[in-house]
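Take a look at the structure below.
These numbers come from a predicted model, not from an experiment.
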Amino acid sequence: MENIISVSNLKKSFKNLEVLKGVSFDIKKGSIFALLGSNGAGKTTAVRILATLSKPNSGSAAICGYDVVKQADEVRGCISLTGQFAAVDESLTGRENLQLIGKLRRLPNTNQRADELLAAFDLEDSAKRLAKTYSGGMRRRLDIAMSLMGSEKERQVIFLDEPTTGLDPQNRIAMWEMVKNLATDGATVFLTTQYLEEAEYLADKIAILHEGKIIAEGTLDELRKIYPPAKKEYVEIQPTLEEIFLKIVGCDVPGAPQSAKESE
């Protein structure tokens, strides 16, 4: 499977603050990639650079074969982005929000695409309601639907920057299924999140960004090998992704098996 995103030694500073300190990773086409990290680790900065909203100080990155700095227009033509906060127009209905984006992107089938997305994101019954009357979960679903109002080419890579922040557990689980469906349909999903169970459930590959550097990367099974062997009694107790994360970044792991703590 080919790499659709390639990042090499990416660095970014704001005045005297070095946010990214040589970040490198590759993402396979059609996969879900989760970038984990604490607040201030640099997750959103990395997304902004890859989405051509910010330029790195050094290093390189390519999406769909295009350089994010030198070929920014081409990169924008194959990606969609949903930021941390829902960017919907509250004075418009759900359908009108989708139609507005379709017209801005000059889609020939704006109404048809809007109908498809309203159905896919379970918003058909509320399509004629003003967005200001939507719940947080509904706004978030509409926001993601708006980011998908484009041609198939424009939906090759989907950036979701903490898409479930602030959602209740039920809406969060519904959002997880939507993300899974996006990848099943062939899109590559780049996900940032602070919910470790979210990455555990969704991601094909996980990278942990800490103090501006990728300090661990791999599948969940590969990351589990970093953690001390599970304590065996009647069943095997596997470490959770949260325990793995805290272990990697050097924090005490609440409730860790005694053998794990002793090995530190």
List the residues meeting side-chain hydrogen bond (donor to acceptor under 3.5 Å, both in side chains) with [X], not counting sequence neighbours, and say none if there are none.
X      : result
Thr82  : Ser147
Thr192 : Asp161
Arg48  : none
Tyr134 : none

Task: Backbone of Arg139 reached by a side-chain donor or acceptor of Asp143 within 3.5 Å - done: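 Checked: no pair found.
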Open item on the list: If we ignore hydrogens and angles and just use 3.5 Å, is the side chain of Arg140 paired with the main-chain N or O of Pro163 as donor and acceptor?
Closed with: yes
Compare every heavy atom of [Y] with every heavy atom of [X], then report the nearest pair and how far apart it is.
X      : Y      : value
Ser38  : Phe245 : OG-CZ, 3.9 Å
Val7   : Ala61  : CG2-CB, 4.1 Å
Glu198 : Trp176 : OE1-NE1, 2.8 Å
Ile248 : Ile208 : CD1-CD1, 3.6 Å
Gly94  : Leu142 : O-CD1, 3.7 Å
Ile214 : Ala207 : CD1-CB, 3.9 Å

Distance in Å, [X] [atom1] paired with [Y] [atom2], rounded so as to fall on 0.5 Å steps:
X      : Y      : atom1 : atom2 : result
Leu117 : Leu98  : CG    : CG    : 6.0 Å
Glu177 : Thr184 : CD    : OG1   : 9.5 Å
Lys43  : Leu35  : NZ    : CG    : 7.0 Å
Ile79  : Leu50  : CD1   : CG    : 8.5 Å
Lys28  : Ile5   : NZ    : CD1   : 12.5 Å
Leu104 : Leu107 : CG    : CG    : 10.0 Å

Open item on the list: I'd like to check the ring-ring contact (aromatic ring centres under 6.0 Å, His included) partners of Tyr195; sequence neighbours left out, ordered by chain and number.
Closed with: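 Result, ring-ring contact (aromatic ring centres under 6.0 Å, His included) vs Tyr195: none returned.
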Can you confirm whether [X] sits close enough to [Y] that some side-chain heavy atom of one is under 4.5 Å from a side-chain heavy atom of the other?
X      : Y      : answer
Met175 : Leu160 : no
Ile144 : Met178 : no
Thr193 : Leu202 : no

Task: For Asn9, all residues meeting side-chain contact (heavy atoms from CB on, under 4.5 Å), sequence neighbours excluded - done: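 So Asn9 forms a side-chain contact (heavy atoms from CB on, under 4.5 Å) with Lys11, Ser24.
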TODO: Return the set of residues passing side-chain contact (heavy atoms from CB on, under 4.5 Å) with Lys225 (not counting sequence neighbours), or none when no residue passes.
DONE: none
Could you pull out every donor-acceptor pair under 3.5 Å between side chains of residues 13-22 and any protein atom, sequence neighbours left out?
unit_1 : atom_1 : unit_2 : atom_2 : d
Lys21  : NZ     : Glu211 : O      : 3.3

Let me have the donor-acceptor pairs involving side chains of residues 123-133, under 3.5 Å, with sequence neighbours excluded, atom names and distances please.
unit_1 : atom_1 : unit_2 : atom_2 : d
Ser126 : OG     : Leu123 : O      : 3.3
Arg129 : NE     : Thr133 : OG1    : 3.2
Arg129 : NH2    : Thr133 : O      : 2.9
Arg129 : NH2    : Thr133 : OG1    : 3.3
Thr133 : OG1    : Leu130 : O      : 2.7

- [ ] Starting from the C-alpha separation in whole Å, work towards a yes-or-no answer on side-chain contact (heavy atoms from CB on, under 4.5 Å) for Leu182 and Leu148.
- [x] CA-CA 10 Å; Leu182 291 173; Leu148 299 177; 3.6 Å; yes
Task: ring-ring contact (aromatic ring centres under 6.0 Å, His included) partners of residues 28-65, not counting sequence neighbours, each pair once - done: Phe25-Phe33, Phe33-Phe190
- [ ] For side-chain contact (heavy atoms from CB on, under 4.5 Å), just list the numbers for Ser54 and Thr45, CA-CA rounded to whole Å, side-chain angles, deciding distance to a tenth of an Å, and then say yes or no.
- [x] CA-CA 8 Å; Ser54 180; Thr45 298; 5.7 Å; no
Open item on the list: With side chain to side chain donor-acceptor pair (under 3.5 Å) as the rule and sequence neighbours excluded, what pairs involving residues 106-116 come up?
Closed with: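 Only Arg95-Asp115, Gln99-Asn111, Gln112-Glu116, Arg113-Glu116 qualify under side chain to side chain donor-acceptor pair (under 3.5 Å).
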TODO: Would you mind listing every salt bridge (charged side-chain N to carboxylate O under 4.0 Å, His left out) that reaches into residues 199-210, with sequence neighbours excluded?
DONE: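 Qualifying pairs, neighbours excluded: Glu200-Arg224, Lys205-Glu217.
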- [ ] Kindly indicate, with the supporting measurements, whether the criterion side-chain contact (heavy atoms from CB on, under 4.5 Å) is fulfilled by Val47 and Leu81.
- [x] CA-CA 9 Å; Val47 169; Leu81 169 66; 3.8 Å; yes
